[in-house]
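Just so it is clear, the values below take in all heavy atoms, side chains as well, and ignore hydrogens, waters and symmetry mates.
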Amino acid sequence: MIDTLSAAQARRIALAAQGFTRARPAAVSGRHVHRVMDRLGVLQIDSVNVFARSHYLPLFSRLGAYEPALLDRVFLSRTTHYVEYLAHEATFIPIEDWPLWRFRMEDFRRRWADEDSWMSSNARTVQWVQDELRARGPLRPADLRADAPRERGTWWDWDEVKLALEHLWRTGDVAVSGRRGFERTYALAEHVIPAGIRSQEISRADAILELTRRAARSSAVATQSDLADYYRIRDRAAVARSIAELVDAGELHPVQVRGWERGGRPLPAWRHRDAILPRRVDAAAVLTPFDPVVWFRERALRAFDLDYRIEIYVPAEKRRYGYYSLPVLVGDRIVARVDLKADRARSTLQVQSAWWEPQARPGDAEPIAAELALAATWQGLEHVSVSGWGDATAALHGALTAGAGASVQRHVHAREGTR
């Protein structure tokens with residue numbers, strides 16, 4: 001017999017698995033960061049820094065205000081337990097997971113083995129980059145650029161050196177050894193990944209099985225597409241075989257979720273055996289678009305009624321919600337989206353736009369306002385400024401003013417009334 005869940009139950013189960021039913025600690029330590037990583041499995045990295053870079057936000061969403069330097073110490077120190085790889089997009093992963101990704105590294109290697117590939121066409125550049133890293137240790141791209149040899153009287157194309165590093169990282173020959181600011185430092189994998197980890201052999205089938213198991217644990221209740229997307233596994237047949245194995249082993253149980261349909265038919269879904277159904281979720285959190293809760297847009301729409309699109313590349317006059325709007329969670333619902341900017345010169349968190357989502361309810365403005373005030377404090381900002389662009393701005397301004405822990409300003413956005 002297949003159990004049936006309501007859409008709200010499925011959301012609560014998923015949010016519990018992602019850590020949103022745990023109380024935020026009074027003081028955040030490295031132990032809390034590791035605990036979040038145990039739940040998420042990966043932390044996606046993104047360069048956009050209008051408010052805060054994406055990889056800092058999932059910890060804030062779950063743990064509350066913490067010292068951002070803590071993340072740098074945990075993930076970027078020389079004694080880190082983490083390393084970067086394409087485990088979704090570019091992400092931090094536990095360093096011991098490096099062998100799990102050898103199948104993906106080998107896929108890249110096979111794809112680029114053809115004589116017409118970029119790697120083959122630029123073999124001299126690739127070899128020179130490897131030789132430099134072997135002789136000199138970890139280097140930034142800029143370090144390599146400074147010493148690149150001349151070729152026919154001109155410098156090698158800068159993009160070729162960068163591309164060589166990126167290709168070698170994808171094939172696992174090179175690893176990211178750290179960052180200076182946001183710029184990566186690269187080294188040969190043997191100088192970053194311990195030999196005992198690099199020597200482990202995990203078959204493609206076993207790796208996909210393990211990653212499907214982890215995706216199921218982190219998602220708690222999910223469709224096949226959800227599980228495949230968590231680690232961006234394109235081999236859907238392998239994911240299907242892994243699901244079948246996990247069902248046979250009793251780790252996954254088939255379920256139906258009301259409202260999870262395609263073409264009028266229920267979508268097959270599975271619940272992890274350790275998934276917990278909480279009576280309620282009391283969280284309020286600003287999410288990055290690259291949080292596992294919402295990063296798979298199909299799942300975000302199905303589970304949270306969130307039809308999301310990043311508008312960074314949309315011309316300003318055509319944006320519906322703003323440059324980099326962030327989904328806002330209240331309870332088990334995505335209730336709003338806010339476009340935030342940290343104006344550090346004025347020590348102000350700017351709410352450039354704010355919009356209600358279909359699942360919003362009366363009273364949601366207050367917990368959002370409290371979270372925005374906390375976000376300002378987290379980023380060391382003294383003020384919160386609310387524009388007039390968006391149907392949630394008036395309510396948020398009122399709630400911020402009523403409970404203001406930071407000074408609150410109201411200004412009329414240039415686009416107020418145009419939408």
Side-chain angles (χ1 to χ4, degrees), residues 33 37 42-50 52-57 59 67-95 97-98 101 104-105 108-109 112 117-195 197-198 288 290 312 344:
V33 175
M37 277 298 291
V42 294
L43 190 63
Q44 185 169 337
I45 304 164
D46 189 70
S47 62
V48 177
N49 195 24
V50 181
R53 295 195 195 277
S54 180
H55 42 290
Y56 291 86
L57 270 166
L59 299 181
E67 175 54 52
L70 174 63
L71 182 145
D72 300 334
R73 291 195 298 273
V74 170
F75 289 95
L76 301 175
S77 70
R78 292 191 176 184
T79 58
T80 184
H81 298 285
Y82 302 98
V83 71
E84 297 181 30
Y85 193 63
L86 288 164
H88 182 76
E89 296 295 330
T91 60
F92 292 112
I93 62 170
I95 198 166
D97 286 356
W98 187 261
W101 298 103
R104 182 160 291 172
M105 298 169 187
F108 281 119
R109 195 182 304 279
W112 296 331
S117 72
W118 187 92
M119 286 280 277
S120 297
S121 300
N122 294 271
R124 291 183 63 195
T125 306
V126 172
Q127 186 61 55
W128 178 80
V129 167
Q130 288 179 290
D131 290 344
E132 289 293 294
L133 293 175
R134 183 170 291 106
R136 299 167 59 189
L139 295 170
R140 296 173 302 156
D143 299 327
L144 285 164
R145 181 190 188 192
D147 296 328
R150 293 181 179 276
E151 182 77 5
R152 295 192 178 92
T154 61
W155 292 106
W156 278 5
D157 187 277
W158 169 223
D159 286 338
E160 290 186 0
V161 174
K162 278 187 71 174
L163 281 169
L165 286 168
E166 287 296 301
H167 279 66
L168 289 166
W169 175 58
R170 283 165 168 76
T171 58
D173 296 292
V174 158
V176 176
S177 62
R179 287 179 182 259
R180 299 182 193 176
F182 194 69
E183 186 180 17
R184 284 172 171 166
T185 300
Y186 296 84
L188 295 180
E190 63 201 60
H191 295 162
V192 177
I193 313 299
I197 293 175
R198 284 188 294 108
T288 168
F290 306 119
I312 290 174
R344 303 197 182 278

### Task
With sequence neighbours excluded, tell me which residues meet side-chain hydrogen bond (donor to acceptor under 3.5 Å, both in side chains) with H88.
R232
### Query
Quick check, are the ring centers of W169 and Y186 under 6.0 angstrom apart?
no
#### Entry: By side-chain hydrogen bond (donor to acceptor under 3.5 Å, both in side chains) - contacts of N122 (at least two apart)
none
### Query
Does the side chain of R184 reach to within under 4.5 Å of the side chain of I45, using non-hydrogen atoms?
no
### Task
Tell me whether the guanidinium CZ or amine NZ of R170 lies under 6.0 angstrom from the six-membered ring centre of W112 and within 45° of its axis.
no
### Query
Taking only residues two or more places apart in sequence or in another chain, which ones pass side-chain hydrogen bond (donor to acceptor under 3.5 Å, both in side chains) with R344?
Q379
### Message
Per the salt bridge (charged side-chain N to carboxylate O under 4.0 Å, His left out) rule, what does the pair list look like for residues 185-194, sequence neighbours excluded?
### Response
none
### Query
Under the 6.0 Å and 45° cation-pi test, does R104 pair with F108?
no
### Point-to-point distance, once rounded to the nearest 0.5 Å, from CZ of R140 to CG of L165
12.5 Å
### Message
So, using side-chain hydrogen bond (donor to acceptor under 3.5 Å, both in side chains) as the criterion, who are the partners of T91 when residues are at least two apart?
### Response
none
### Query
For N49, what residues pass the side chain to side chain contact (heavy atoms under 4.5 Å, CB included) criterion, not counting sequence neighbours?
R53
### Query
Can you tell which of L57, V48, D46 makes a side chain to side chain contact (heavy atoms under 4.5 Å, CB included) with F290?
D46
